[in-house]
Protein chains: 2
Amino acid sequence: MVIWFWCGVIITTMEFEKIADILKALADPTRLKILSLLRVRDCCVCELVPIFNISQPAISKHVSRLKTAELVRETRKGQWVFYSINEKRLEEIGYALFHLPDLSEDLRELEQQGLTVICE
Amino acid sequence: MVIWFWCGVIITTMEFEKIADILKALADPTRLKILSLLRVRDCCVCELVPIFNISQPAISKHVSRLKTAELVRETRKGQWVFYSINEKRLEEIGYALFHLPDLSEDLRELEQQGLTVICE
DNA sequence: TACATAAATAACAATATGGTTATATGGTTT
DNA sequence: AAACCATATAACCATATTGTTATTTATGTA
């Protein structure tokens with residue numbers, strides 16, 4: 001497995017499936033707004049609810065999705081569960097976008113199979 | 001609208017909806033692999049088909065999705081349509097992830113409404 | 001213990017996504 | 001013109017997503 005060093009963080013190259021899963025967790029306006037709010041400070045679900053026009057279970061499911069993708073972490077404080085952003089994970093996914101795997105080999109194989117389109 | 005300069009590219013802050021739309025276009029393993037292939041060189045649909053285990057219309061729809069998100073551009077050459085990656089768009093979305101809007105104001109309003117959870 | 005509050009889960013509905021096969025469209029070649 | 005090839009679109013299906021309301025679980029308090 002190829003290992004890169006970036007922003008002082010050790011990041012291993014991720015599979016397309018895994019990158020796609022994390023991007024899916026990011027690819028929702030509500031979840032992007034939740035992440036933006038968590039960048040200001042840690043929040044609990046009951047604080048997030050009045051900011052959005054959706055129900056408490058909906059918010060709960062959104063943060064759960066972010067937690068599965070390891071984009072946020074949770075800490076229980078009494079009856080509240082506070083969520084915090086995992087900046088490293090965000091860096092990782094940004095890194096993955098800029099450093100997608102080199103698939104030159106796949107195109108070389110295509111050429112060997114005579115499937116390349118030569119067009120001028 | 002706030003304007004940032006980054007990597008020499010002028011980028012305007014995007015709305016959550018728009019960022020989410022582009023991330024949705026990215027959030028699929030097939031489309032990520034297509035983008036990785038296009039980073040090596042421009043390809044037409046008939047070259048991409050044998051690399052994946054899905055039908056020609058499926059590939060066609062994937063590149064169409066990428067085109068709508070402006071992540072790729074198309075150029076017709078005779079009977080072929082060649083797709084090329086739009087690196088700037090990829091930079092923009094990476095930028096957007098690292099520079100999500102500052103929502104301090106939303107949390108200040110929450111506090112003014114007495115909805116902040118004080119917890120020690 | 002009983003009750004209140006926070007958060008998660010269950011069950012469900014509407015819509016989006018990602019694949020299929022069949023067909024239409026655009027351009028090339030005979 | 002007719003046949004051919006590349007690509008796009010249409011119609012369809014299975015599954016995923018994102019919301020809802022009702023209920024359960026966990027914790028704190030009277």
Side-chain angles (χ1 to χ4, degrees), chain A residues 16-17 20-35 37-38 42-69 71-84 110 114-120, chain B residues 16-18 20-35 38 42-69 71-84 110 114-120:
Chain A
F16 291 122
E17 292 277 358
D21 279 347
I22 299 164
L23 287 172
K24 273 179 191 153
L26 279 170
D28 177 89
T30 302
R31 289 194 290 271
L32 284 173
K33 189 166 179 180
I34 290 174
L35 283 178
L37 288 161
L38 295 184
D42 298 358
C43 293
C44 55
V45 171
C46 69
E47 287 178 315
L48 295 173
V49 170
I51 295 173
F52 297 87
N53 283 326
I54 56 176
S55 64
Q56 173 267 315
I59 296 290
S60 200
K61 279 201 287 185
H62 279 302
V63 292
S64 171
R65 190 98 157 72
L66 290 170
K67 201 181 72 177
T68 301
L71 285 159
V72 303
R73 297 218 172 84
E74 65 170 39
T75 315
R76 182 172 274 278
K77 287 187 184 176
Q79 62 191 146
W80 299 281
V81 176
F82 279 81
Y83 288 89
S84 56
L110 197 76
L115 296 171
T116 298
V117 171
I118 292 117
C119 174
E120 215 45 61
Chain B
F16 291 121
E17 291 276 358
K18 192 174 179 185
D21 279 347
I22 300 165
L23 287 172
K24 271 178 192 153
L26 279 171
D28 177 88
T30 301
R31 290 194 291 271
L32 284 173
K33 188 167 180 180
I34 290 173
L35 283 178
L38 295 183
D42 297 359
C43 293
C44 55
V45 171
C46 69
E47 288 178 314
L48 295 174
V49 170
I51 295 174
F52 297 88
N53 284 326
I54 56 175
S55 65
Q56 172 268 314
I59 296 289
S60 200
K61 277 202 289 183
H62 279 302
V63 293
S64 171
R65 191 98 156 72
L66 290 170
K67 202 182 70 176
T68 303
L71 285 160
V72 303
R73 298 218 172 83
E74 65 170 38
T75 315
R76 181 172 274 278
K77 287 188 182 175
Q79 61 190 143
W80 299 280
V81 177
F82 280 81
Y83 288 89
S84 56
L110 196 76
L115 296 171
T116 297
V117 171
I118 291 115
C119 175
E120 216 46 58

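Numbered from 1 within each chain, the chains take letters A, B, ... in sequence-line order.
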By nearest-heavy-atom nucleotide on DNA chain D, the more 5' of B:Glu47 and A:Arg76 is B:Glu47
Closest non-hydrogen atoms of A:Cys44 and A:Trp80, given as atom of the first, atom of the second and distance, are SG-CD1, 4.0 Å
Residues passing the side-chain hydrogen bond (donor to acceptor under 3.5 Å, both in side chains) test with B:Arg31, sequence neighbours excluded, are B:His62
From CG of A:Asp21 across to C1' of C:dT17 the rounded distance in Å is 14 Å
Between CD of B:Gln79 and C1' of D:dT7 the distance, given in whole Å, is 10 Å
In whole angstroms, the gap separating C1' of D:dG28 from CH2 of A:Trp80 amounts to 8 Å
When rounded to whole Å, the CD to C1' distance for the pair B:Glu74 and D:dT7 reads 10 Å
Those residues at least two apart in sequence (or on a different chain) that pass side-chain hydrogen bond (donor to acceptor under 3.5 Å, both in side chains) with A:Glu74 are A:Lys67, A:Tyr83
A:Gln56 meets the side-chain contact (heavy atoms from CB on, under 4.5 Å) criterion, sequence neighbours left out, with A:Val45, A:Val49, A:Ser60
Protein heavy-atom contacts under 4.0 Å, written 5' to 3' over nucleotides 16-23 of chain D as B (base), S (sugar-phosphate only) or - (none), form the string -SSBBBB-
By side-chain contact (heavy atoms from CB on, under 4.5 Å), A:Ser84 pairs with (sequence neighbours left out) A:Asp42, A:Arg73
Q. For C:dA6, does either OP1 or OP2 sit under 4.0 Å from a side-chain N or O belonging to A:Tyr83?
A. no
Residue pairs meeting salt bridge (charged side-chain N to carboxylate O under 4.0 Å, His left out), one or both in residues 46-56 of chain B, sequence neighbours left out, come to B:Arg41-B:Glu47
Taken to the nearest whole Å, CG/B:Leu66 to P/C:dG18 is 11 Å
Rounded to whole Å, NZ of B:Lys77 lies from C1' of D:dC5 at a distance of 18 Å
